[in-house]
2 protein chains.
Amino acid sequence: MARLADPDLALRRRREILEAAEGCFRRRGFHQATMQEICAEARISPGALYRYFDSKADIIAAISEEKRGEAEVEFRKLYSEHAFIDALLAVAARVLRKFSDHQTGSLFCDIAGEAARDPILARRLAALQAKSMDSFAEAVADAQVRGEVDPELLPRDVAYSLMTFIDGMGVRVAVSDEPPETILHQFRTVAERYLAPAK
Amino acid sequence: MARLADPDLALRRRREILEAAEGCFRRRGFHQATMQEICAEARISPGALYRYFDSKADIIAAISEEKRGEAEVEFRKLYSEHAFIDALLAVAARVLRKFSDHQTGSLFCDIAGEAARDPILARRLAALQAKSMDSFAEAVADAQVRGEVDPELLPRDVAYSLMTFIDGMGVRVAVSDEPPETILHQFRTVAERYLAPAK
DNA sequence: ACCTGAACACCGTTCAAGT
DNA sequence: ACCTGAACACCGTTCAAGT
């Protein structure tokens, strides 16, 4: 990325590009959306765009970074008012509803595929992932104090496992036509039995 | 796809193309591998290739169909000699080891992304998925008779949930650099607690 | 300093022309 | 009948030329 003199303009341009790109990606998918479309929507030329972002992957990484924490904030709000398992289900439902339009879902899969082969993108996504996990593990530890989660379990393990299951549901909902509710019901059963304190 | 007169030749050509394509996809990923490369490796011209396959997606679907059942057969063999949970872990380990080279893993993500936006591909993959699930659900029912899985659970739900978790692990292992063993250990804990008969 | 847009080096797919 | 390979309609990215 070229050096930029005016930080205000740079931030504004980046924002315009990110908003245009998000719209395009959401409508057409990561691979299907073209840089030309993004440029047109952001009212900028391709040459200028590449002054603000290194590549298409750089744009999707920046969008992911922006979005991080949205589900996290939602979960914290829900958890402050509801049981752990209910807050968990509500947040999973939120994510899966987004995925079930097959657009956000395909984007998630595309990004994962891209990251699997692009170590720089992978590292950036891993950093986001780690932050979300830390935050979620804290809530798990709290739920253990509340007696809602078996204290024998390690909070980080619980956070990791539940997030992995949510990823799996994401793939399934993205690809198939079944409604999120079906799989969410399975998730509740798995989570309840997994988390239940030993009697 | 054009009508083909000689069924033997057609089958041979399809096999040659599929083998070349699998090599290319595995080495370079679905989106990165080019039809030109596949053609070169299969020693066929682009024009001729399109007589045997409708598109790149058609090729990946055919490969997926060929591969289906490999893990299934492996699981049945293992399950005949080991406890349900151990056979399950062994098969999950097999899948994840493949994914952790970041090549098969990225391919899995790419296919999912592609399927999320291509209803024809999605339908073909859903059919494979359904067959694997039926077969797996049978084993779950058997494990319930053996007393290894809580008889309260519905075999199809168990099969579905465990396969969803394995998909989630697949994404994680494909994207991150952590070894499959770490996440497999989490999977064992979740599966044991989920499946355990009520005391 | 910041931008434009033609040009570059590619794609997946098609189709006229060959054998 | 089956094949070739140039051609078509695109990509993401770069860079000389403008303001």
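Hydrogens, waters and symmetry mates are skipped; everything else that's a heavy atom, side chains included, is used. Each chain gets a letter, A, B and so on, in the order its sequence line appears, and its residues count up from 1.
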- Between A/Glu148 and A/Leu195, is any pair of side-chain heavy atoms under 4.5 Å apart?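 No, too far: nothing below the 4.5 Å cut-off.
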- Task: Assign the ring pair A/Phe75 / A/Phe84 to parallel, tilted or perpendicular, where the plane angle (0 to 90°) is split at 30° and 60°.
- Result: perpendicular
- Message: Are B/Phe165 and A/Phe165, when compared by the centres of their aromatic rings, separated by less than 6.0 Å?
- Response: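 Yes, close enough.
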- Message: I need a per-nucleotide contact map over nucleotides 8-19 of chain D, read 5' to 3'. Cutoff is protein heavy atoms under 4.0 Å; write B for the base, S for backbone only, - otherwise.
- Response: ---SSBBB----
- Message: Does C/dC3 have OP1 or OP2 under 4.0 Å away from a side-chain N or O of A/Arg13?
- Response: yes
- Distance below 4.0 Å between A/Tyr52 side-chain N/O and C/dC3 OP1 or OP2: yes
- Closest non-hydrogen atom pair between B/Arg146 and B/His82, with its separation: NH1-O, 3.3 Å
- Query: Can you name the closest pair of heavy atoms from B/Ile59 and B/Ala21 and give their distance?
  - Reply: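 Scanning both residues completely, I find the closest heavy atoms to be CG2-CB, 3.5 Å.
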- Watson-Crick or G-U wobble mate for D/dT14, both contacts under 3.5 Å: C/dA6
- Item | Paired nucleotide for C/dA1 [Watson-Crick or G-U wobble; both distances under 3.5 Å] |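 Partner of C/dA1: D/dT19.
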- Looking at every strand, decide which applies to A/Arg43 at a 4.0 Å heavy-atom threshold: base, sugar-phosphate, or nothing.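 Touches nothing.
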- Decide yes or no on salt bridge (charged side-chain N to carboxylate O under 4.0 Å, His left out) for B/Arg43 and B/Glu16, but give the supporting numbers first. CA-CA 9 Å; B/Arg43 287 172 210 286; B/Glu16 285 164 5; over 6 Å; no
- For atom CD1 of A/Ile44 and atom P of C/dT4, their distance in whole Å: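 In whole Å, C/dT4 P lies 6 Å from A/Ile44 CD1.
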